[in-house]
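Below is one structure, written out as structure tokens; comments come after it.
None of the values given here were measured: they were computed from a predicted structure. Reminder, nothing fancy here: chain letters follow the sequence lines and each chain counts from 1.
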Amino acid sequence: MSGKTRALTNAEKNQSESALGGARLHRALLAWFDVEKRPLPWRATSDPYAIWMSEVMSQQTRVETVIPYYEKFLTAYPTVRTLAEAPVEDVLGLWSGLGYYRRARMLHRTAQEVVARHDGAFPRDKAALESLPGIGPYTAGAVASIAFQEPASVVDGNVVRVFARLFNDDTDGRAPAGLAHFRKRADALVSADRPGDWNQALMELGATVCTPREPRCLLCPLATVCEARSAGTARDLPRLTKKAKPVAAAFDALVVAAPNRVLLAERKADGLFGGLLEPPLFDTAPTLLEAAQQARLAIGDSLGIVQHTLSHRKLSIATHRAVHVLDVMPPLPVSGAYVALHAVEWPLPKDTRVSTLARKILALALET
DNA sequence: AAAGCGGGGAC
DNA sequence: GTCCCAGCTTT
């Protein structure tokens, strides 16, 4: 209540200051960025395709995690055309382990659209970029500003945190309305001269100095003008509504093995782990037993429970093993979540399209 | 507005 | 264990 009133007051005050304070802010932050920026691989290119690739991979994912995937993809698919022409199965395989697999499917679709509808050249403005699959307000602003020097703003988790502290603004940074509020702040402050560097500098500051738990204010180029620092509220900002806790769910996995192969089920293209391969999961033990009986598979006791937590589910997978020649596919009745069964080489070929969860299940069943 | 959608690093 | 990360899409 009182917090909201205070936030609005700050917002109004800062808008009146921004015309005067903007230039100083830009000088201080950009000078810091010029010296302190990390040498990330996508900072050595101006290719919109490469910039876009790095931004999609970076959605909800730490920069250090992204780097090896970025290198792999640029080597395998150096141009948007090579990506567009690749089988989506291969794209999912290179993406294996990075998570949020819908991003890979949309990456592929967008590459095909850019080739088919834009003759292989990315749209140069934020609005047109935002109409492509998997490109929302953040990614469109990032590509437009970094690759095309459009004075478009970006708001990610870092920018919310930096602005919330800089302006001592306790607007909820996770609610849609709060995000819109911070986008207005970002629009008002984006640099006309160096929009791409300005956006990256805000994010770099959030990632390396203005960190969530213990901000390193002594190293901050904006400490002298930071309102949360003078108010002593930096550690309590930004205000973020709690996320729902992952819900527990249990399944039984069946690993059917031959000497050099393993049976994997292909999930339908959309939804959880869409398009990936995995040992078939059954929603209850009786379902597993009945399926095994129909396929004339003798299954042993559970080898153990694989625990795997996603953003919205806390999974417990009781893992079982059976042996079959796999020269002919056993008639295993699986759930509607699967569209096909495959006998896959074991150990798995490099870049097989499986989740980290599937790798955990296979490791328990076949490497112990 | 809320939920679905991965995995891992930092504390 | 908790938090959250260079978010987007669907309901």
Is any side-chain N or O of [X] closer than 4.0 Å to OP1 or OP2 of [N]?
{"X": "A:His312", "N": "B:dC5", "value": "yes"}
{"X": "A:Thr139", "N": "C:dA6", "value": "no"}
{"X": "A:Lys242", "N": "C:dC3", "value": "yes"}

Next on the checklist: A quick test of your reading: do over 12 heavy atoms of other residues, nucleotides or ligands sit less than 6.0 Å from NZ of A:Lys72?
Outcome noted: yes
Quantified in whole Å, what is the [atom1] atom distance between nucleotide [N] and nucleotide [M]?
{"N": "C:dC5", "M": "B:dG6", "atom1": "C1'", "result": "12 Å"}
{"N": "C:dC4", "M": "B:dC5", "atom1": "C1'", "result": "15 Å"}
{"N": "C:dC8", "M": "B:dG9", "atom1": "P", "result": "23 Å"}
{"N": "B:dG7", "M": "C:dT10", "atom1": "C1'", "result": "22 Å"}
{"N": "B:dC11", "M": "C:dA6", "atom1": "P", "result": "13 Å"}

Checklist entry - Excluding sequence neighbours, so at least two apart, what forms salt bridge (charged side-chain N to carboxylate O under 4.0 Å, His left out) with A:Asp34? => result A:Arg194
Checklist entry - Choosing from B:dC11, C:dG7, B:dG9, which nucleotide comes nearest the side chain of A:Asp156? => result C:dG7
Checklist entry - Between A:Lys243 and A:Pro176, which has a closest nucleotide on DNA chain B that is more 5'? => result A:Pro176
Next on the checklist: Can you work out whether A:Arg313 or A:Leu357 has the more 5'-proximal nearest nucleotide on DNA chain B?
Outcome noted: A:Arg313
Consider only side-chain N and O atoms of [X] and [Y], and report whether a donor and an acceptor are under 3.5 Å apart.
{"X": "A:Ser96", "Y": "A:Arg359", "answer": "yes"}
{"X": "A:Asp47", "Y": "A:Thr45", "answer": "no"}
{"X": "A:Glu266", "Y": "A:His342", "answer": "yes"}
{"X": "A:Ser58", "Y": "A:Thr61", "answer": "no"}
{"X": "A:Glu55", "Y": "A:Tyr138", "answer": "yes"}

Item to check | Pairwise 5' ranking along DNA chain C for A:Arg38 and A:Arg213, keeping only the more 5' one | outcome: A:Arg213
Next on the checklist: For A:Ile135 and A:Arg43, find the nucleotide of DNA chain C closest to each by heavy atoms; which residue's nucleotide sits nearer the 5' end?
Outcome noted: A:Arg43
Next on the checklist: Using a 3.5 Å distance criterion without hydrogens, assess whether the side chain of A:Tyr338 forms a donor-acceptor pair with backbone atoms of A:Leu281.
Outcome noted: yes
What is the separation between atom [atom1] on [X] and atom [atom2] on [N], rounded to the nearest whole Å?
{"X": "A:Asp270", "N": "B:dG4", "atom1": "CG", "atom2": "P", "result": "16 Å"}
{"X": "A:Arg359", "N": "B:dG8", "atom1": "CZ", "atom2": "P", "result": "10 Å"}
{"X": "A:Leu40", "N": "C:dA6", "atom1": "CG", "atom2": "P", "result": "11 Å"}
{"X": "A:Glu64", "N": "C:dC5", "atom1": "CD", "atom2": "P", "result": "13 Å"}
{"X": "A:Arg174", "N": "C:dC4", "atom1": "CZ", "atom2": "C1'", "result": "7 Å"}
{"X": "A:Leu310", "N": "C:dC5", "atom1": "CG", "atom2": "P", "result": "19 Å"}
{"X": "A:Arg235", "N": "B:dC11", "atom1": "CZ", "atom2": "P", "result": "14 Å"}
{"X": "A:Met203", "N": "C:dC5", "atom1": "CE", "atom2": "P", "result": "13 Å"}

Checklist entry - What side-chain hydrogen bond (donor to acceptor under 3.5 Å, both in side chains) pairs are there with at least one residue in residues 249-259 of chain A, not counting sequence neighbours? => result A:Asp252-A:His320
Item to check | Neighbours of DNA chain B within residues 86-112 of chain A, by heavy-atom distance under 4.0 Å | outcome: A:Gly97, A:Leu98, A:Gly99, A:Tyr100, A:Tyr101, A:Arg102
Checklist entry - Counting only non-hydrogen atoms, which of residues 51-61 of chain A are less than 4.0 Å from DNA chain B? => result A:Gln60, A:Thr61
Sugar-phosphate only, base, or nothing, as touched by [X] at under 4.0 Å among non-hydrogen atoms:
{"X": "A:Ser355", "answer": "sugar-phosphate"}
{"X": "A:Lys245", "answer": "sugar-phosphate"}
{"X": "A:Leu315", "answer": "nothing"}

Throw together a table of side-chain donor-acceptor distances under 3.5 angstrom for residues 212-219 of chain A, partners on residues two or more places apart or in other chains.
| residue | atom | partner | partner atom | Å |
| --- | --- | --- | --- | --- |
| A:Glu214 | OE2 | A:Arg235 | NH1 | 3.4 |
| A:Arg216 | NH1 | A:Thr208 | O | 3.4 |

Checklist entry - With A:Ser311, which residues qualify under side-chain contact (heavy atoms from CB on, under 4.5 Å), at least two apart? => result A:Tyr100
